[in-house]
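Count residues from 1 along the sequence.
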Amino acid sequence: MHTSASSIEIGISTFLEATPDPATGIAISHAERLRQAVEEIVVADQAGLDVYGIGEHHRIDYAGTAPAIVLAAAAAMTKHIRLTSAVTVLSSDDPIRVYQQFSTLDAISNGRSEIMAGRGSFIESFPLFGYSLEDYDELFEEKLSQLLAIRASEKVNWPGGNHTSPIPNLGVYPRSVQEPLPVWIASGGNPESAIRAGVLGLPIAFAIIGGMPEGFAPLVALYKEAAAKSGHDVSKLQIATHSHGFVADTTEAAAESFFAPTAAQMTKIGRERGWGQAYSRATYDAARSLRGALYVGDPEYVAEKIILLHKNLGITRFFLHVNVGTMPHHEVLRAIELLGTKVAPIVRKAIGSV
């Protein structure tokens, strides 16, 4: 996990989309999507990618309700790739169980497990597990503190709080292979999240799915300033971004393959959130521009965009969210292969020589 400012990790993130195929209207089953995910992780490992992340959601259009289990299935079949949630909705989960799941994954993978903790941009887990959205911020803060206490000590003394029970000097097992088990803070661009991560000295992952990625530079500055004021070594901070995109042999092929499934899912989510009009081809094409938030193109073009992102934000890790909506599995596997064998070497060479 530990990268310097002159190196970068590149990987895949997914929510295990199980949306209707825009061409046929038929939705892939959750069971098939879960099996596909394991295959994707194996291909990503073979292609030389550094990390694969699965986001937790509890909706019919995503199959990723239990990321640690899917990652563990792939852990036994892979050698090098790091395996992380992207994200764990910590606010509606039990930090003890979260630690145990990912320390178990850490054992199976021999030290390749990570947790990415977030408050959740989707909120369906709150009513499902009996939590109130009125406690949205308080839940995350308290449960993050508890998770970090569990990570820090085999025997846990936890005073309890409004949303967690006391732990009176009890052991939490198994302990992780890595000391400490990596915990990242995931943020959609909230300044308080950036400051919180900085104060705690934790790595941060920004989801950048619209606008211009360079616009996140002030948040990176806030993060680093908070870390410095809290006595953390700024040179050791880890910064990741998560961005939608797709790689194909030609930019035209990538653009055509990725548009319809992306438009279908972005329009659906937009309607749920009251964004207004449907996702248009003009919006999509603008976002594919060099300074836009979509990383869609041939390997050279996607690499150029990642190198620009590194220049603007100083990232140490880049996640490409490959399928925003359901896409043909062979195309997704090809995109993962190209990201690992073509894009990553270009980016690493360029950044390593800076």
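- Under the side-chain hydrogen bond (donor to acceptor under 3.5 Å, both in side chains) criterion, Glu214 pairs with Arg291, sequence neighbours left out.
- For the salt bridge (Lys or Arg N to Asp or Glu O under 4.0 Å) condition, no pair includes a residue of residues 146-161, sequence neighbours left out.
- With a 6.0 Å cutoff to the six-membered ring centre and a 45° limit on the axis angle, Arg59 does not count as a cation-pi contact of Phe122.
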Inset, instruction - In sequence, state the C-alpha distance, the side-chain angles, and the governing distance for Phe126 and Tyr136, and then conclude on ring pair (Phe, Tyr, Trp, His ring centres under 6.0 Å). - result: CA-CA 9 Å; Phe126 287 80; Tyr136 186 79; 5.6 Å; yes
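- Residues that satisfy the ring-ring contact (aromatic ring centres under 6.0 Å, His included) test with Phe140, not counting sequence neighbours, are absent from this structure.
- In this structure, the side-chain hydrogen bond (donor to acceptor under 3.5 Å, both in side chains) partners of His58, at least two apart in sequence or on a different chain, are Glu56.
- By the ring-ring contact (aromatic ring centres under 6.0 Å, His included) test, Phe15 pairs with His57, Tyr62, His242, His321, sequence neighbours left out.
- Remark: Tyr52 engages no residue in a ring-ring contact (aromatic ring centres under 6.0 Å, His included) (not counting sequence neighbours).
- Applying the salt bridge (Lys or Arg N to Asp or Glu O under 4.0 Å) test to pairs two or more places apart or on separate chains, those with a residue in residues 186-198 are Glu141-Arg196.
- The salt bridge (Lys or Arg N to Asp or Glu O under 4.0 Å) analysis of residues 12-29, with sequence neighbours excluded, yields no pairs.
- Contacts of Tyr99 classified as ring-ring contact (aromatic ring centres under 6.0 Å, His included), with partners at least two apart in sequence or in another chain: none.
- Ser103 meets the side-chain hydrogen bond (donor to acceptor under 3.5 Å, both in side chains) test with no other residue; sequence neighbours excluded.
- Within the structure, salt bridge (Lys or Arg N to Asp or Glu O under 4.0 Å) pairs that include any residue of residues 165-180 do not occur (at least two apart or interchain).
- For the side-chain hydrogen bond (donor to acceptor under 3.5 Å, both in side chains) test, residues two or more places apart in sequence or in another chain that qualify with Asp249 are Arg334.
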